[in-house]
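Single-structure report; data block below.
First listed ligand is number 1; within each ligand, the first listed atom is number 1.
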Amino acid sequence: MSDPFDVIVIGAGPGGYVCAIRAAQLGMKVACVEKRATLGGTCLNVGCIPSKALLQSSEEFAHARGALADHGVLADGVRLDLARMQARKSDVVSANVKGVEFLLRKNNISWLKGAGRIVAPGKVDVAGTVYNTKHIVIASGSDSIPLPGVAVDEQRIVTSTGGLELNKVPGRLVVIGGGYIGLELGSVWRRLGAEVTVVEFLDRIVPTMDGEVARTLQRILARQGLKFRLGTKVTAANATDDGVMLTVEPAKGGDAEHIAADVVLLAIGRRPYLDGLGLAEAGVALDDRGRIATDPRFATNVPGIHAIGDVIAGPMLAHKAEEEGVALAEILAGQAGHVNYAAIPGVVYTWPEVASVGQTEEDLKAAGTAYNVGKFPFTANGRARALGDTEGFVKLLADKTTDRLLGAHIIGPDAGTLIAELVTAMEFGASAEDVARTCHAHPTLSEAVKEAALAVAGRALHI
Ligand code: FAD
Ligand code: NAI
């Protein structure tokens, strides 16, 4: 039997591998168990990275066929080589997953290849060998939620995994779910020529985002050609030789109708992936939504067993999983690891992008918090005009009495990068005036953030 480890992390996604690296940096003897052939989890293999590669490539294609001419650049005869686009995506994924392998080696972390099963606290079985450890960290991630009546075959009826792998642009793509995945992959295939219809159960898209931003996003995506069927539920999907016939009904009840599709993308959310971990035998408790129940220090009810990332409560985002991985490693090393859940950004990588941190207007109204709003449109930003990307706005929400920033919501070019300043501001407990009095370089998109902060006090300069 080998020497015991200090920490065995089960799962090498952004939660698990980052936790392993931080624990190794703090002097612990660490192993990371991963059953997939490559490291990096959902995020690097079938999530964040391949989707962003295809979003970028499809955006280049759409730009070359459309807005490039506005710049006086005439690219005639632009054609799509989907096989090359998919091969580039695979190269991007491959470089990233190899990067994680390098990082594990560099930090002397053992990769235990195979599925990890908890035999007892302090004991993990991997491929028939039982390894001993002081601490176990479960970071086994998530999987897509199935929908009764919609049988996924990853060919005609796909989850995001199959939706990233299509080798032909579908004539008609129906997306079930108007959330992160539906809008990102719907945008990819729309830009490449598919007719895309998004069927959403609720009467709005991206339900966790600010309502005004969501309405604006829907309007802009509709102009790009995406069709929306809100307040609609799918009751059946029958795959045939030449496509899929969907049966839909109004969510509130009513007559059924049919929608024909070549490919259906099921994207109604994700749920913790807990198969084969031996949780029931180990006595690890779940919460009412099937997630591993943890305390604020990521401890489960079983001493020595911890959990982070998509398997526990909170937004299912890679950077949230990473923050938890770092905090937990520091807690295990006797330090004061901590995650500020009030300052975790969320970004939808459509074009324009949507980025959000903190509370929405709906949250503040529900909590009865008095607030001021500062808004600034990209139409009034010089850099956005120069880019030819003037859709959207920055919207800041600040406490009416103290001026403290409570939320920031951006729809516009590079919103995902712009939000970082506001996350930092909120981490430092900044007021809107702090942001407004900070010098922002000209001409940059970030001046729209400064102007929105000025607008909170009714003194925007450029509108
Ligand atoms: P995961 O990344 O799911 O990793 C868990 C790993 O554990 C997997 O590799 C799995 O094989 C392994 N595993 C499971 N059980 C065992 C076992 N018993 N033994 C050994 N190994 C095991 N988030 C963002 O922040 N930004 C984005 O742009 C973004 N885009 C996304 C796009 C798509 C299409 C999808 C599906 C998700 C996206 N996400 C994005 C979400 C993000 O991928 C997840 O939040 C993140 O990967 C969660 O990290 P994790 O470490 O908890 O789990
Ligand atoms: P989601 O939770 O973002 O969106 C699911 C949507 O489906 C919601 O709008 C919901 O109302 C709707 N829905 C639920 N049941 C339905 C039904 N029966 N019929 C029709 N609509 C229904 O989930 P999604 O898009 O599957 O993504 C999963 C998670 O992965 C995201 O929540 C996010 O955490 C993560 N992700 C993050 C990305 C990013 O950060 N850019 C990109 C992709 C995924």
- Message: At under 4.0 Å between heavy atoms, is it the side chain or the backbone of R270 that contacts ligand 1, or both, or neither?
- Response: side chain
- Task: Give the numbers and elements of all ligand 1 atoms closer than 4.0 Å to a heavy atom of C43.
- Result: 2 (O), 43 (O), 47 (O)
- Task: Pick, from V198, I181, V199, the option with the minimum heavy-atom distance to atom 25 (O) of ligand 2.
- Result: I181
- With distance as the sole criterion, is a donor-acceptor pair present between the side chains of R22 and Q25 under 3.5 Å? yes
- Task: Could you check atom 10 (C) of ligand 1 against the protein and tell me its nearest heavy-atom contact, residue, atom and distance included?
- Result: E34 OE2, 3.5 Å
- Message: For the residue pair K29 and F5, would you count it as a cation-pi contact if the rule is NZ or CZ under 6.0 angstrom from the ring centre and within 45 degrees of the ring axis?
- Response: yes
- Considering only non-hydrogen protein atoms, determine which one is nearest to atom 39 (N) of ligand 1 and report residue, atom name and distance to 0.1 Å. C48 SG, 3.6 Å
- Which of the atoms of ligand 1 are close to G114, meaning less than 4.0 Å from one of its heavy atoms? 19 (N), 20 (C)
- Note on the structure: ligand 1 to Y349, heavy atom cutoff 4.0 Å, flagged ligand atoms 28 (O)
- Note on the structure: Under 4.0 Å between heavy atoms, the region of S160 that gets near ligand 1 turns out to be side chain
- Query: Quick one: nearest non-hydrogen protein atom to atom 28 (O) of ligand 1, plus distance?
  - Reply: K52 NZ, 2.7 Å
- Message: Checking a contact table here: which protein heavy atom is nearest atom 44 (C) of ligand 1, and how many Å away?
- Response: D310 OD2, 3.3 Å
- At a 4.0 Å cut-off, with the gap strictly under it, does some heavy atom of K233 reach an atom of ligand 2? no
- For ligand 1, does S142 get within less than 4.0 Å through its side chain, its backbone, both, or neither, judged by non-hydrogen atoms? backbone
- Task: Take every heavy atom of V234, measure it against each atom of ligand 2, and state whether any distance is under 4.0 Å.
- Result: no
- Message: Out of all atoms in ligand 1, which are within 4.0 Å of some heavy atom of A115? Include the element for each.
- Response: 19 (N), 20 (C)
- Measure from atom 23 (O) of ligand 2 to every heavy atom in G179, G269, G346 and give the option owning the shortest one. G269
- With heavy atoms and a 4.0 Å threshold, my read on which part of T161 contacts ligand 1 is neither
- Closest to atom 23 (N) of ligand 1 by heavy-atom distance, out of A318, G276, C32, is A318
- Note on the structure: Counting heavy atoms under 4.0 Å, the part of L202 that contacts ligand 2 is side chain
- Query: Can you tell which of P14, G116, G13 gets a heavy atom nearest to atom 46 (C) of ligand 1?
  - Reply: P14
- Query: Are R88 and E60 close enough for a salt bridge, meaning some N to O gap below 4.0 Å?
  - Reply: no
- Take atom CZ in R289; do more than 12 heavy atoms of anything else shown fall under 6.0 Å from it? no
- Using a 4.0 Å heavy-atom cut-off, say whether L185 meets ligand 1 through its side chain, its backbone, both or neither. neither
- Query: Has D81 got more than 12 heavy atoms of other residues, nucleotides or ligands less than 6.0 Å from its CG?
  - Reply: yes
- Task: Measure from atom 35 (C) of ligand 2 to every heavy atom in K52, R229, M316, R271 and give the option owning the shortest one.
- Result: M316
- Message: Can you see whether D363 engages T360 through a side-chain donor-acceptor pair at a distance of less than 3.5 angstrom?
- Response: yes
- Using a strict 4.0 Å threshold on nitrogen-to-oxygen distance, state whether E361 and K395 make a salt bridge. yes
- Query: Out of curiosity, L332 CG to L26 CG, how far, rounded to the nearest 0.5 Å?
  - Reply: 9.5 Å
- Query: Do Y341 and E324 meet the criterion of a side-chain donor-acceptor pair at a distance under 3.5 Å?
  - Reply: yes
- What atoms in ligand 1 come closer than 4.0 Å to a heavy atom of T42? 1 (P), 2 (O), 3 (O), 4 (O), 36 (C), 43 (O), 47 (O)
- By number and element, which atoms of ligand 1 are closer than 4.0 Å to a non-hydrogen atom of V46? 34 (C)
- Item | Under-4.0 Å salt bridge between K89 and E165 | yes
- Under 4.0 Å from any heavy atom of S51, which atoms of ligand 1 are there? 32 (C)
- Query: Who's closest to atom 7 (O) of ligand 1 heavy-atom-wise, of G16, S144, G11?
  - Reply: G11
- Query: Is it the side chain, the backbone, both or neither of T208 that has a heavy atom closer than 4.0 Å to ligand 2?
  - Reply: neither
- Would you mind finding which of P315, G149, G177 brings a heavy atom closest to atom 7 (O) of ligand 2? G177
- Check: D210/S356 side-chain N/O donor and acceptor closer than 3.5 Å: no
- Note on the structure: M316 heavy atoms within 4.0 Å reach ligand 1 at atoms 41 (C), 45 (O)
- dist I312:CD1 -> T300:OG1 (nearest 0.5 Å) comes out at 11.0 Å
- Task: With heavy atoms only and a cut-off of under 4.0 Å, state how K320 meets ligand 1: side chain, backbone, both or neither.
- Result: neither
